[in-house]
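Each remark here refers to the structure printed beneath this line.
Chain naming here is simple, since letters A, B, ... match the order of the sequence lines and numbering starts at 1 in each. Hydrogens, waters and symmetry mates play no part in the numbers below; they use all other heavy atoms, side chains included.
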Protein chains: 2
Amino acid sequence: MAKDRKKPKRQGSGRDSPTEAAERSHVMPLASGPDGPGGFGPDDRPGVIVTVDVVLLALRNGELSTLLVKRGREPHQGAWALPGTVVESGEGLVPAATRAVAGRTGVAVEPERLEQLVTFADPDRDPRARVLSVGFVAVVERATPPAGGEVASGRWWAVGDVLVEKGPTMAFDHRDILGAGVEMVAEKFERSDLASGMIEEPFTLGDLRRAYEAVWGTSLEPANFRRKILATPSFVEPTGLLRDVTTGRPAVLYRRGGGVRLHPPLARPD
Amino acid sequence: MAKDRKKPKRQGSGRDSPTEAAERSHVMPLASGPDGPGGFGPDDRPGVIVTVDVVLLALRNGELSTLLVKRGREPHQGAWALPGTVVESGEGLVPAATRAVAGRTGVAVEPERLEQLVTFADPDRDPRARVLSVGFVAVVERATPPAGGEVASGRWWAVGDVLVEKGPTMAFDHRDILGAGVEMVAEKFERSDLASGMIEEPFTLGDLRRAYEAVWGTSLEPANFRRKILATPSFVEPTGLLRDVTTGRPAVLYRRGGGVRLHPPLARPD
DNA sequence: AAAATAGTGTCTGTAAGACATTATCTA
DNA sequence: TAGATAATGTCTTACAGACACTATTTT
């Protein structure tokens, strides 16, 4: 029988009175002076700058690619950075990330596509100040070119060219954020239909398979892949249409299904 | 064939010069005045307070349990909170989380056991100021009672009693952080030997199975569980000893193996 | 016809679910 | 002895890997 999570016995001393350690568990009032050891007043408060940085992933010529921005200013001038922005006061993280992407590509990423990834806050990651970065990842179905004109310092890179010994210099810890984003997406591909968000509708099962192959860096057996996808209810829906081809048998076109959890997961080779 | 991630073609305009949007992708110098639209000077800089909050998980009487702290001050006075602390200037997130736990339990959680979970930064989550919280989760093998004396406002709770309609009032968004922590641990149990970090050495396979059952809230077939664990190299190592029992056949005692990735995962029922 | 890509069928091995049976202890 | 828990064995089913084969198009 399973435990069903009820009735803990009370334990511990049971004292509920305020203590210094209890108060340190959350912030002190801001406008008052020091309030016991560990408190902080208005002048020594550790104000931190919060940024968001977005790993945007799309397929470009069949390759997993990400949008990077060349920095025009120190620190890390000339290095490549993830699109990001400072979070404004009163602004949530997801809106800030949406804004950062929109400023880059002119494309509005739906908030639901932004997945929070990891937060980096090493004290020395920015030499100017304490800067905390919340990383996001978003899979998009088209590698929209960066908005033209004056904001043209962005460029899509093949991920495999970036995450490599002799890859381009990346700003801050953005290489780590990118690596974490790619790995997170690779893992989500195993259990969800996220891959279908990386290709344009309508798509063939070959398109879908190639998205998996690009993200996982492996090849998949087409027949077995097809069997798994079609055996999963509402992963994809047939449109009844066929793709025009220049060679070979025309493939059936599908659109995304209602969203799905893969049980058991689609196994990643290796 | 798999894509092997090479040679993107350059695209986009290729301009690398600084632009407003490029600069907004990271922070402005702090000590200078406003530096174009979107920049910020020393007075309007959005200083954010950063805290860490830790979901500590252990078994207590066979139930998945977590340590909560009763708040002695507004906001949310009297509500239960995760142990946490403000991150000090120059301090990393993991040291801060370690410190928060040590202040609660007197136990030093090894940094490797602290897994970053999710960051909450809703602008309204704390009425006093913009406070960002980075959630951590740590699995420990003993529900060490809170340090006694003056820091005795902490208490272990059965998770099932907390994450329930009529559970205790929780401060801020700590209920969400707790829920995310439990779910993350449940998922890690499928693919890793994390469960063995939740029980004291030496342990029996029954102990290990009950850890899974407590975290997953299900029951597992003992014979099949045993087969899976023992078929996985270096998940556990036999000690050669037997457990003293009051009833039933004595069970073989094991210690943790070298750490492992489960392929395929240990399937969670449902 | 040849080349190319899409799609089907089938065999096999691995591993999980279910559950019966045996082993070893205490009361 | 009964009762309890640990450990083994075995049957069956689900599903993934491998791969042969068929289908439909362009050149």
Side-chain angles (χ1 to χ4, degrees), chain A residues 1-3 62 189-191 195 199 202-213 216 218-233 235-255 260-270, chain B residues 1-3 62 189-191 195 199 202-213 216 218-233 235-255 260-270:
Chain A
M1 273 299 290
K3 306 295 172 201
F189 269 37
E190 297 180 44
R191 303 166 164 276
I199 50 182
F203 51 83
T204 69
L205 293 180
D207 296 335
L208 185 62
R209 178 173 48 81
R210 282 182 285 273
Y212 272 91
E213 290 174 337
W216 285 352
T218 61
S219 60
L220 298 174
E221 223 291 305
N224 298 335
F225 178 80
R226 159 187 305 276
R227 180 177 55 196
K228 176 73 175 179
I229 299 300
L230 295 183
T232 304
F235 195 127
V236 296
E237 294 179 349
T239 62
L241 303 176
L242 297 179
R243 165 153 300 172
D244 275 3
V245 291
T246 56
T247 177
R249 174 175 170 174
V252 173
L253 287 167
Y254 295 85
R255 56 176 156 261
V260 101
R261 298 284 298 172
L262 263 46
H263 281 310
L266 180 46
R268 171 156 46 151
D270 273 354
Chain B
M1 274 293 292
K3 304 296 171 205
F189 269 37
E190 297 181 43
R191 318 175 85 99
I199 50 183
F203 51 83
T204 69
L205 293 179
D207 295 335
L208 185 62
R209 178 173 47 80
R210 283 181 285 272
Y212 272 91
E213 291 174 338
W216 285 352
T218 60
S219 60
L220 297 174
E221 223 293 303
N224 299 334
F225 179 81
R226 159 187 307 276
R227 180 176 57 194
K228 175 72 175 180
I229 299 300
L230 296 181
T232 304
F235 194 128
V236 296
E237 295 179 349
T239 63
L241 303 176
L242 297 179
R243 164 153 303 172
D244 276 2
V245 290
T246 56
T247 178
R249 174 174 170 175
V252 175
L253 288 166
Y254 295 84
R255 56 176 154 261
V260 101
R261 298 284 298 172
L262 263 45
H263 282 309
L266 181 47
R268 174 159 40 154
D270 273 351

Trace of the side-chain contact (heavy atoms from CB on, under 4.5 Å) decision for A:F235 with A:K228: CA-CA 10 Å; A:F235 195 127; A:K228 176 73 175 179; over 6 Å; no
Rounded to the nearest angstrom, tell me the gap between atom [atom1] in [X] and atom [atom2] in [N].
{"X": "A:R210", "N": "C:dA6", "atom1": "CZ", "atom2": "C1'", "value": "10 Å"}
{"X": "A:I229", "N": "C:dT8", "atom1": "CD1", "atom2": "C1'", "value": "17 Å"}
{"X": "A:L266", "N": "D:dG17", "atom1": "CG", "atom2": "C1'", "value": "13 Å"}
{"X": "B:R243", "N": "D:dT5", "atom1": "CZ", "atom2": "P", "value": "14 Å"}
{"X": "B:R249", "N": "D:dA6", "atom1": "CZ", "atom2": "C1'", "value": "5 Å"}
{"X": "B:L230", "N": "D:dG9", "atom1": "CG", "atom2": "P", "value": "12 Å"}
{"X": "A:D244", "N": "D:dT26", "atom1": "CG", "atom2": "P", "value": "9 Å"}
{"X": "B:L220", "N": "D:dA6", "atom1": "CG", "atom2": "C1'", "value": "16 Å"}

Given [options], identify the nucleotide with an atom nearest to the side chain of [X].
{"X": "A:T247", "options": "D:dG9, C:dA4, D:dA18", "result": "C:dA4"}
{"X": "A:A223", "options": "C:dC19, C:dG9, D:dA18", "result": "C:dG9"}
{"X": "B:R209", "options": "C:dA6, D:dG17, D:dA6", "result": "D:dA6"}
{"X": "B:A267", "options": "C:dG17, D:dG17, C:dG7", "result": "C:dG17"}
{"X": "B:P264", "options": "C:dA15, D:dA6, D:dA16", "result": "C:dA15"}
{"X": "A:E221", "options": "C:dC19, D:dC19, C:dG7", "result": "D:dC19"}

Touch class at under 4.0 angstrom, heavy-atom based, for B:A231 against every strand present: nothing
Short side-chain to backbone donor-acceptor contact, A:Y212 and A:A195, under 3.5 Å: no
Any donor-acceptor N/O pair, B:R243 side chain to B:P202 backbone, under 3.5 Å: yes
Closest-nucleotide 5' rank along DNA chain D - winner of A:L242 and B:V252: B:V252
Side-chain donor/acceptor contact of A:N224 with base of D:dA18 under 3.5 Å: yes
Under 3.5 Å donor-acceptor pair, A:R227 side-chain atoms to C:dG9 base atoms: no
Phosphate contact (D:dA16 OP1 or OP2) by A:K228 side-chain N/O below 4.0 Å: yes
Residue pair A:V245 / A:R249: nearest heavy atoms and the distance that separates them: CG1-O, 4.3 Å
Of B:P250 and B:P265, the one whose closest DNA chain C nucleotide lies more 5': B:P265
